[in-house]
Structure formats: structure tokens, C-alpha cells
Amino acid sequence: MPSSPPPSSRVSVLGLAAVLPVVVVDDPVDAVPLARALVAGGLPAIEVTLRTPGALDAVRAIAAEVPAVAVGVGTVITPAQVAEAVAAGGRFLVSPGWTDVLLDAMRASGVPFLPGVSTASEVVTLLERGVREMKFFPAEAAGGTAYLKSLAGPLPQARFCPTGGIGAANAPEYLALPNVGCVGGTWMLPADAVAARDWGRIEGLARETAALKH
């Protein structure tokens, strides 16, 4: 019989916020003011992706200086990254996909996690392993809202955070689905605003985004 996940892994990542900003931090110096702008705008959870050399430094800074933000770590694809993310203060983990090895590492980490899926078979396999919350990625390329609607009938116990190709225009369509708990995206973090360190603009966009209630 498969072992039960640690109690902390049963905490719902999907319940943290309707929209999960996906943050790419090029300069760790920007991490704290960026996180403060997002939480001031009403977005209390963010995913910092491991796509830049300073990502873990950014996670450490946010965890230490912006406790009001639930900072997670995304693009986690190896057990080593799982360990590094948790050590840096990551409160949840997100992967674009999963393997048995990665799933075991995330399950053992003691923090909640969202393994990535894009097919019904992957969803069924995770359900067999006791995982009910998943990232649906790449959402638009993998079938979008139509695909998620088709999964809701045969697999109602699975719930998703769709990410990939989602913006302010189509986010409400995803959030209206019964099997969607939240969506992830970057539209509230335009590159020019981040480059200019225009935290006021980002706070305003975050406020507009937070109004997209599930």
C-alpha cells in the first residue's frame, strides 16, 4: 500500500490565492520590493522560478524580509533543487512535469507541491499516488479550458493550477472552471516595469489581478 504523504503536503497550494504570479528575478536586489508590491496589491503568494542564477537568493530574501508572502519555488525538476528550494525558505514547490524520483523528493520535502501534468494519463497516475492538486502546463498549448472541462467529468477529484499562455483576458475563463483552484501567470509583471523598478505600477496591476476572484 502506498505511504501517505506528510501532513504538510496536504496543505492546499491552490487555496493560497486565485492568481499565482510567476516571478523571474534577474537581480536578487529586486526580489523584496517586487514581492512587497505584489502583496500590497493583494497577491499573497508568488512562485519564484529557478530560471536565473539569483533565484534562490531571491527566495531567501523574500522569505526573510516579506513574511506576508507565501513564497514558492518553481521550475523544480531535480531532487537537489527540491532540497535547495526548501533550504532557501520555499513554502511550496512547483514543477513543469514529474517523474517518480522527483515526486518522491517533493513528497518527502515536507512542503506542499504542484507536479506538472498535461495529459489524462499523468493525472490518473498522480491520483493513484494520492496527489490531487496539480499544475496544468503548458495550459493553452495543451488544450486550454476545453481540455480541463473534458477532464472534470471523469476525473472530478483532480484540481489544477493552469499556467502557460494565461493573461488577464482569459484568466477568468479558467477560474470559472470547477476543477481550477488558481491560475499562474506573468501578466502583472511586465518586463519594462520590472526593468524600470516601477513597483507602483506593479502594485496597481496586482490589485487589478487580485480582483479576479475564483
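By the 4.5 Å heavy-atom criterion applied to side chains, Met134 and Glu122 are not counted as neighbours. Inter-residue side-chain proximity for Cys161 and Val13 is flagged as unmet; no heavy-atom pair is nearer than 4.5 Å. Considering only heavy atoms from C-beta on, Glu47 stays 4.5 Å or farther from Val73 through its side chain. Using a 4.5 Å heavy-atom threshold, the side chains of Phe92 and Leu114 count as separate. Side-chain contact check for Arg201 versus Pro190: some heavy-atom pair is nearer than 4.5 Å.
For the residue pair Ser12 and Glu133, the shortest heavy atom distance occurs at OG-OE2, 2.8 Å. Minimum heavy-atom separation, Asn170 to Gly165: ND2-O, 3.2 Å. Taking every heavy atom of both residues into account, Cys182 and Val180 meet most closely at O-CG1, 3.4 Å. Gly42 approaches Ala210 most closely through the heavy-atom pair O-CB, 3.6 Å. Among all heavy-atom pairs drawn from Ala18 and Leu175, the shortest one is O-CD2, 3.5 Å. In plain terms, the two heavy atoms of Pro21 and Ala45 that are nearest each other are CD-O, 3.0 Å.
Annotation: side chain to side chain contact (heavy atoms under 4.5 Å, CB included) contacts of Pro33 (sequence neighbours excluded): Trp199. For Gln81, the side chain to side chain contact (heavy atoms under 4.5 Å, CB included) partners two or more places apart in sequence, or in a different chain, are Leu50, Val76, Ile77, Thr78, Glu84. Considering only residues two or more places apart in sequence or on other chains, Asp104 meets the side chain to side chain contact (heavy atoms under 4.5 Å, CB included) condition with none of them. Under the rule for a side chain to side chain contact (heavy atoms under 4.5 Å, CB included), the partners of Thr186 that lie at least two apart in sequence or sit in another chain are Val22. Under the side-chain hydrogen bond (donor to acceptor under 3.5 Å, both in side chains) criterion, Arg60 pairs with Asp57, not counting sequence neighbours.
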Legend entry - Working for side chain to side chain contact (heavy atoms under 4.5 Å, CB included), residues Val123 and Phe136: CA-CA 10 Å; Val123 175; Phe136 179 57; over 6 Å; no
Inset, instruction - Assess whether side chain to side chain contact (heavy atoms under 4.5 Å, CB included) is satisfied between Ser95 and Leu102, documenting all intermediate values. - result: CA-CA 9 Å; Ser95 69; Leu102 179 60; 4.0 Å; yes
Inset, instruction - Could you go through the side chain to side chain contact (heavy atoms under 4.5 Å, CB included) check for Phe113 and Leu103 one step at a time? - result: CA-CA 9 Å; Phe113 55 90; Leu103 186 65; 3.8 Å; yes
Inset, instruction - Using the side chain to side chain contact (heavy atoms under 4.5 Å, CB included) rule, take Leu189 and Leu38 through it: C-alpha gap first, then chi angles, then the decisive distance, then the call. - result: CA-CA 9 Å; Leu189 296 163; Leu38 290 172; 4.0 Å; yes
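At a threshold of 4.5 Å between side-chain heavy atoms, the hydrophobic network of Ile, Leu, Val, Met, Phe, Trp and Tyr places Met106 and Phe137 in two separate groups.
Interatomic distance, CZ of Arg207 versus CG of Leu43, reported as 10.0 Å (0.5 Å rounding). We find the CG-CG distance between Leu34 and Asp27 to be 11.0 Å, quoted to the nearest 0.5 Å. With rounding to the nearest 0.5 Å, the separation of CD1 in Ile62 from CZ in Arg36 is 10.5 Å. Atom OG of Ser109 and atom CG of Leu93 lie 5.0 Å apart (nearest 0.5 Å). How far CG of Leu212 is from CE of Met188: 8.5 Å, rounded to the nearest 0.5 Å. One finds the NZ atom of Lys135 at 9.0 Å from the CG atom of Leu20 (value rounded to the nearest 0.5 Å).
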Listing, residues 145-154 side-chain donor-acceptor contacts under 3.5 Å, not counting sequence neighbours, or none:
unit_1 : atom_1 : unit_2 : atom_2 : d
Tyr147 : OH     : Ala120 : N      : 3.1
Ser150 : OG     : Tyr147 : O      : 2.6

